[in-house]
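Only one structure is covered here, and it is reproduced in the block below.
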Amino acid sequence: MDWQSESPELWRFLEALHHGDIMSGTVAAIEPFGVFVALDDGPDHPTLPGVGFLGIPELSWRRFDDPADVVQAGQASRASSSGSTPTTPRPDCP
């Protein structure tokens, strides 16, 4: 069974996103490559700490070594969507 059939609410949410949609949420987890955001109006992700994700370039215009220097877990966040490209994994890709 694939994640789309296990998480139909998440799949519908991702398909409905449009470039420029403004979303708000709370920083759920900080990783070396960016932060996961639990969206206020979005579904939970079945395996990740949040459906939203902000990569390093989206966090700040200034240089920093650690995303925790810019944001804190539990901090409110607002961002515009760059869109979504939900995909079905190819048979040759696990």
Side-chain angles (χ1 to χ4, degrees):
M1 191 173 270
D2 61 15
W3 73 270
Q4 292 132 337
S5 59
E6 291 179 9
S7 305
E9 181 184 10
L10 175 58
W11 183 246
R12 283 190 300 277
F13 176 79
L14 293 174
E15 288 181 321
L17 286 178
H18 296 94
H19 181 78
D21 287 350
I22 303 294
M23 293 174 282
S24 60
T26 303
V27 174
I30 301 173
E31 301 293 340
F33 47 85
V35 299
F36 288 97
V37 179
L39 300 175
D40 293 340
D41 295 326
D44 290 333
H45 192 282
T47 58
L48 299 173
V51 170
F53 180 77
L54 297 171
I56 296 294
E58 288 83 30
L59 293 177
S60 176
W61 286 23
R62 68 180 173 89
R63 188 186 181 314
F64 58 92
D65 293 320
D66 183 349
D69 295 339
V70 180
V71 296
Q72 303 300 315
Q75 179 178 336
S77 175
R78 277 187 76 185
S80 63
S81 169
S82 59
S84 174
T85 311
T87 60
T88 302
R90 296 186 332 224
D92 59 337
C93 295

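The chain is numbered in sequence order, starting from 1. Remember, predicted model here, so these are calculated numbers, not experimental data. Values below: all heavy atoms of this structure, side chains included; hydrogens, waters and symmetry mates excluded.
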Please say whether more than 12 non-hydrogen atoms of neighbouring residues, nucleotides or ligands are located less than 6.0 Å from CG in Asp66. yes

With a 4.5 Å heavy-atom cut-off, do [X] and [Y] have their side chains touching?
X	Y	value
Trp11	Glu15	yes
Leu48	Phe53	no
Leu54	Ser77	yes

Answer yes if Leu17 and Phe36 sit in the same cluster of Ile, Leu, Val, Met, Phe, Trp and Tyr residues linked by side chain heavy atoms under 4.5 Å apart, and no otherwise.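 In one cluster with Leu17: Phe36, no.
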
Using every non-hydrogen atom in the two residues, find where [X] and [Y] come nearest and quote the distance to one decimal.
X	Y	result
Asp41	Phe13	O-CE1, 3.8 Å
Ile22	Ser80	CD1-CB, 3.7 Å
Pro67	Pro32	CG-O, 3.9 Å
Val70	Arg62	CG2-NH2, 4.1 Å
Ala38	Pro49	CB-O, 4.3 Å

Restricting to salt bridge (Lys or Arg N to Asp or Glu O under 4.0 Å), what partner residues turn up for Arg78, sequence neighbours left out?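 Counting only residues at least two positions away or on another chain, Arg78 forms no salt bridge (Lys or Arg N to Asp or Glu O under 4.0 Å).
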
Atom CD1 of Ile56 and atom CG of Asp65: how far apart are they, to the nearest 0.5 Å? 10.0 Å

Distance from Leu10 atom CG to Asp44 atom CG, nearest 0.5 Å? 9.5 Å

Pro43 backbone acceptor or donor facing His45 side chain under 3.5 Å: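 No.
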
